[in-house]
Each structure stands twice: as C-alpha cells, then as structure tokens.
Amino acid sequence: MAKTLLIRNANVLVTMDPARREIAGGGLFAEDGRITAVGPTDELPATADEVIDLAGHILIPGLVNTHHHMYQSLTRVVPGAQDAELFGWLTSLYPLWARLTPEMIRVSTRLAMAELLLSGCTTSSDHLYIYPNGCRLEDSIEAAMDIGMRFHACRGAMSVGVSKGGLPPDSVVEEEEAILKDAARLIETWHDPARFSMLRIAVAPCSPFSVSRDLMREAAKLARAYGVSLHTHLAENVNDIAYSRENFGMTPAEYAEDLGWVGPDVWHAHCVQLDDAGIDLFARTGTGVAHCPCSNMRLASGIAPIRKMRDRGVCVGLGVDGSASNDGGNMLGEVRQALLLARVGFGPAAMTAREALEIATLGGARVLNRDDIGALAPGMAADFAAFDLSGVGFAGALHDPVAALVFCAPERAALSVVNGKVVVRDGQLASLDLPLVIERHNRLARILATG
C-alpha cells in the first residue's frame with residue numbers, strides 16, 4: 001500500500017518551480033516519496049497516512065550540498081592549520097589524516113550528515129580522497145544509508161606524492177591502477193542511475209597537485225564508459241594557478257579542457273581564480289561549479305566571480321567544503337555567506353536572497369545532474385525542509401520570510417524530509433542518536449590529534 005504524506009498550512013512554501021511561485025498557506029502531498037500535488041492547503045487532499053501542520057513555518061526544497069569532505073569534521077580548528085592558506089593547511093593536516101580508520105570515516109560521516117540535515121540539507125556529495133588503514137568508500141556509503149540522506153559518494157584519489165612533485169606525502173597516495181579498479185568496482189556495486197536514486201557514485205581524482213595527467217584522462221574515460229559524473233578541485237587559489245602554469249604550462253581551465261574534464265557530467269569545486277576564458281569555457285560546455293564561500297574565506301583563497309559565472313550561463317551550486325576548512329557544515333549558513341561574500345566583492349546587486357537560495361537548491365541539483373530534486377512540484381522527490389518563524393532570529397522580518405531565511409542568522413531546521421521520510425522532526429534527528437555519535441566522534445578526534 002502506498003505511503004502518503006500531507007504537509008499543510010506553511011506560512012509560505014517556496015516552490016523553485018519554473019514560475020518561482022511562493023505560496024501563502026501552502027502545502028504538498030506526496031506518495032511513496034514522490035510529490036503529487038503542491039498548492040494552497042485548501043486545494044490539497046484532506047487526509048494522508050501522515051499529516052504535518054506547518055503553521056508558523058517557511059517550507060523550502062531541501063538544500064543540496066555539492067562539495068564536502070566529511071571526514072574532516074574530525075580535524076576542525078587544528079592549531080597548526082588555523083592560520084594557513086590552502087597548501088600550508090593541507091601539509092599540516094595530511095599527517096593526521098594518514099591515521100584515519102574505517103570507524104573514523106563512518107562516525108565522521110554520520111556527524112557531518114547530521115549537521116547538514118539539521119540545517120535543511122537533504123542531498124549531499126562527499127569527496128573522500130584518502131584511504132589509509134583499510135578505509136573504503138563503503139564506510140561513507142553505509143553511514144549515509146543509516147541516516148537516510150540522499151548521497152553522491154565521490155571516489156577521490158591521490159597518486160602523486162612529494163617524491164614525484166606533488167603536495168601530499170607519499171604515505172597517503174595510491175597506485176593509479178588500483179584507484180581505477182576500485183572506482184569501477186564501486187560503480188558496478190553501488191551506483192544507481194535511476195530517477196529518485198538515493199545513491200550515486202562519482203569519479204573524483206583530488207586535484208592537479210596530487211594526481212597525474214594520466215590518471216585524470218583515464219578517470220574521465222572510465223566515468224564516461226559507465227555514465228557517471230566527474231568531480232575535482234580546480235583554480236582554488238593563486239598558488240593553485242601557479243602550480244598549473246609551472247607544471248603543465250596551462251591555466252587550470254586549459255588543463256581541464258586538455259584532459260577532457262569539461263562537460264555537463266563534470267563539476268569542479270571552488271574555481272575562485274577561474275579566468276574569463278575559463279568561465280566562457282564552462283558556460284559553453286555545461287561544466288558545473290561548486291561554490292564554497294566559507295572555505296574560500298577561511299583559507300583566504302579569494303572571492304569567486306559567481307555573478308559573472310551565472311550571467312554567462314555557468315551552472316553554479318553551493319558546497320560547505322570540508323569541516324576543517326569551514327569549520328562547519330551548516331548549509332543554510334552557507335547560503336547566507338554566499339549572499340554576503342558576493343556583495344563584499346561585487347556590490348549589493350551581486351546577489352539577492354532568492355538567488356542565493358536558488359543556487360543552493362536548483363543550482364545544486366543541476367550541478368549534480370539531477371532533475372528530480374531542488375524544487376517542490378509534482379513529479380519531484382519529496383525532499384524538503386521547514387524552519388520555524390517564531391524564533392528570535394526572525395523577529396521583525398516576517399513581512400518577507402523568504403528573504404529573512406537568508407539574511408537573518410541561520411536557524412536549525414524544524415523539519416527535514418528525504419524521499420518522503422522524516423529525518424528531522426521538531427529540530428531533532430529522528431534517524432540517529434546524535435549525542436551518542438557526538439561523544440564517539442569527539443573521542444576519535446582526540447585519538448587522531450594525539451596519535
């Protein structure tokens with residue numbers, strides 16, 4: 001028998017549909033995790049297997065996180081990395097990450113996903129590119145299944161260590177043949193290409209300064225043979241640009257094009273220093289960008305030209321990045337930061353509140369090559385979040401709740417629903433014993449930090 005869900009009486013429902021409707025007194029009806037009706041409450045069915053009244057709340061599509069390193073939640077604010085730019089930050093942390101265990105990956109993934117869900121995020125990618133001590137991507141995948149988050153698991157990799165001119169120590173890199181073999185295994189075992197899929201695999205060599213050109217080329221061939229997406233870091237800061245010019249004689253965008261790393265099946269993280277030619281290339285080829293404003297500020301990488309990218313037609317989503325370069329995973333907070341950083345760099349017209357929210361919903365869905373999430377409309381997945389407007393942070397702003405959600409201090413989600421299932425109810429995780437996870441996470445973080 002079909003499981004039905006009725007959401008009703010939201011003060012405002014943000015659809016992100018083609019008309020960008022915002023429905024007062026709105027609600028939706030879903031059946032088996034699929035939305036079948038959206039509109040004013042009095043136009044919806046009156047009953048369902050589960051009925052949730054959202055009077056006093058704003059209801060939005062679930063936020064989509066397009067870039068993260070969830071294991072890094074174990075190494076927040078490490079002293080040696082607090083005041084460094086990207087390369088110094090990485091070299092400070094590689095030795096700690098070399099001590100990661102499978103349990104650490106599982107627990108940190110649960111913790112990071114809990115943080116995301118509590119901030120209204122319902123779909124996330126994760127870029128796991130370090131596999132010491134028997135760690136596998138399955139450690140992340142199984143954690144996602146436990147908590148109930150829609151997941152794009154990226155099989156990252158590093159293959160060029162210090163001895164070959166790369167940045168990471170040789171102890172944390174892998175052999176390229178083994179990387180490609182494992183990526184193929186993961187796709188064959190776990191990847192679900194179907195609409196409404198809860199799990200997809202992407203192929204994701206880490207960065208120009210940690211993998212070879214051969215691996216980049218072969219990874220692209222492998223991904224396209226299987227029909228999966230490609231993901232990596234690109235043009236993150238000025239040192240990243242200098243490395244590409246010195247080692248490849250190209251800009252990062254030229255490097256990506258040369259290796260076949262452009263197209264609608266590719267998304268690059270950061271792109272802070274993407275030049276005009278690179279922006280035009282990405283627009284022309286449908287290549288996506290994961291914008292990570294908090295991390296870019298934390299590491300002093302710069303201000304990504306998001307206004308220019310969007311004006312030229314580049315598909316842009318939002319990412320919280322690793323929790324050691326943010327050092328948080330609050331997706332709604334990231335939306336607010338995207339708005340503020342754009343204005344600092346390019347003026348008050350550089351981004352509106354509704355545009356920031358669109359980037360975090362529809363934009364993220366498009367970057368991840370999905371047409372089933374990012375909006376609330378019939379035929380879409382029942383992925384959404386609601387925020388209580390009665391809190392102190394919204395006081396004085398109820399004349400425009402949508403703008404208030406972005407401009408005002410980030411609030412915890414009162415409700416998060418993924419695939420029609422409630423995973424956050426009344427501001428508390430329904431699918432996880434969070435205090436127990438936090439206690440274990442803190443214990444493992446201490447072990448990692450102290451050796």
Side-chain angles (χ1 to χ4, degrees), residues 33-34 62 64-71 102 105-106 109-110 112-113 116 121-131 135-158 174 176-206 211 215-233 260-269 286-288 290 315 317 319 364-374 380-381 383 418-419 421:
R34 318 288 186 261
V64 180
N65 179 34
T66 60
H67 186 64
H68 206 342
H69 309 290
M70 295 185 180
Y71 73 89
I105 298 296
R106 290 193 296 272
T109 301
R110 289 190 183 98
M113 288 186 168
L116 289 169
C121 179
T122 56
T123 297
S124 184
S125 67
D126 185 47
H127 191 189
L128 181 59
Y129 57 79
I130 188 166
Y131 296 87
C135 294
R136 303 185 306 158
L137 193 60
E138 274 87 350
D139 300 317
S140 294
I141 290 169
E142 290 163 5
M145 290 178 169
D146 289 343
I147 200 168
M149 174 163 262
R150 203 177 295 275
F151 192 36
H152 285 236
C154 300
R155 205 306 180 181
M158 298 189 293
E174 300 175 85
E176 296 188 353
E177 183 177 348
I179 291 166
L180 294 168
K181 183 177 180 181
D182 191 52
R185 177 190 68 81
L186 288 160
I187 296 165
E188 292 173 359
T189 305
W190 295 104
H191 181 68
D192 179 5
R195 200 160 188 266
F196 306 112
S197 166
M198 288 292 290
L199 176 63
R200 291 185 181 172
I201 305 295
V203 179
C206 185
V211 299
L215 180 60
M216 292 292 283
R217 286 195 184 94
E218 293 304 315
K221 291 178 184 176
L222 174 73
R224 288 178 174 130
Y226 281 103
V228 303
S229 293
L230 289 156
H231 182 50
T232 192
H233 299 85
W261 274 73
V262 292
D265 57 349
V266 182
W267 86 101
H268 295 281
T287 306
C315 185
R366 290 169 179 166
V367 163
L368 295 182
N369 255 331
R370 301 199 70 133
D371 65 357
D372 52 356
I373 60 173
M380 302 294 281
D383 290 11
V418 183
N419 205 38
K421 297 178 181 177

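If you read the sequence from its start, that first residue is 1, and numbering goes on from there.
Here the side chains of Asp383 and Val64 are not in contact, with every heavy-atom distance at 4.5 Å or above. Within the 4.5 Å cutoff, no side-chain heavy atoms of Ser140 are placed close to those of Tyr71. Taking the side chain as every heavy atom from C-beta outward, Glu142 and Thr109 never approach each other to under 4.5 Å. In this structure the side chain of Asp146 never reaches within 4.5 angstrom of the side chain of Met113, judged on heavy atoms.
Every pair passing salt bridge (Lys or Arg N to Asp or Glu O under 4.0 Å) that includes a residue from residues 186-197 is listed here, sequence neighbours excluded: Arg195-Asp371.
Rounded to the nearest 0.5 angstrom, Tyr131 OH and Arg136 CZ are separated by 11.0 Å. To the nearest 0.5 Å, the span separating CZ on Arg224 from CG on Leu230 amounts to 5.5 Å. Atom OG1 of residue Thr122 and atom CG of residue Asn419 lie 10.0 Å apart, to the nearest 0.5 angstrom. To the nearest 0.5 Å, atom SG of residue Cys315 and atom CG of residue Leu368 are 9.0 Å apart. Distance check: His152 NE2 to Asn65 CG gives 11.0 Å after rounding to the nearest 0.5 Å. A distance of 3.5 Å separates OG1 of Thr123 from CD1 of Ile373, quoted to the nearest 0.5 Å.
In terms of heavy atoms, Cys135 sits closest to Pro102 at SG-N, 3.5 Å.
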message = If you apply the rule side chain to side chain contact (heavy atoms under 4.5 Å, CB included), what do you find for Met145 with Leu199, and how did you get there?
response = CA-CA 9 Å; Met145 290 178 169; Leu199 176 63; 4.1 Å; yes

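With sequence neighbours excluded, the residues that form a side-chain hydrogen bond (donor to acceptor under 3.5 Å, both in side chains) with Arg155 are Glu174, Asp182.
Checking side-chain atoms of Asp126 against main-chain N and O of Met70 turns up a donor-acceptor pair under 3.5 Å. Distance alone, capped at 3.5 Å, is enough to place a donor-acceptor pair between the His231 side chain and the Trp267 backbone. A distance-only check finds a donor-acceptor pair linking the side chain of His191 to the backbone of Ile201 [under 3.5 Å]. The backbone N or O of Gly319 sits nowhere less than 3.5 Å from a side-chain atom of His68 that would complete a donor-acceptor pair. Panel note: side chain Thr232, backbone Cys206; a donor-acceptor pair is recorded below 3.5 Å. When atom types are taken as modelled, the side chain of Arg150 and the backbone of Phe196 share a donor-acceptor pair closer than 3.5 angstrom. Put simply, the side chain of Arg370 gets close to the backbone of Ser197: a donor and an acceptor are under 3.5 Å apart. Ser229 places no side-chain N or O within 3.5 Å of a backbone atom of Val266 that could act as its donor or acceptor partner.
Relative ring orientation between Trp261 and His268 is described as tilted, the plane-to-plane angle lying within the 30° to 60° band.
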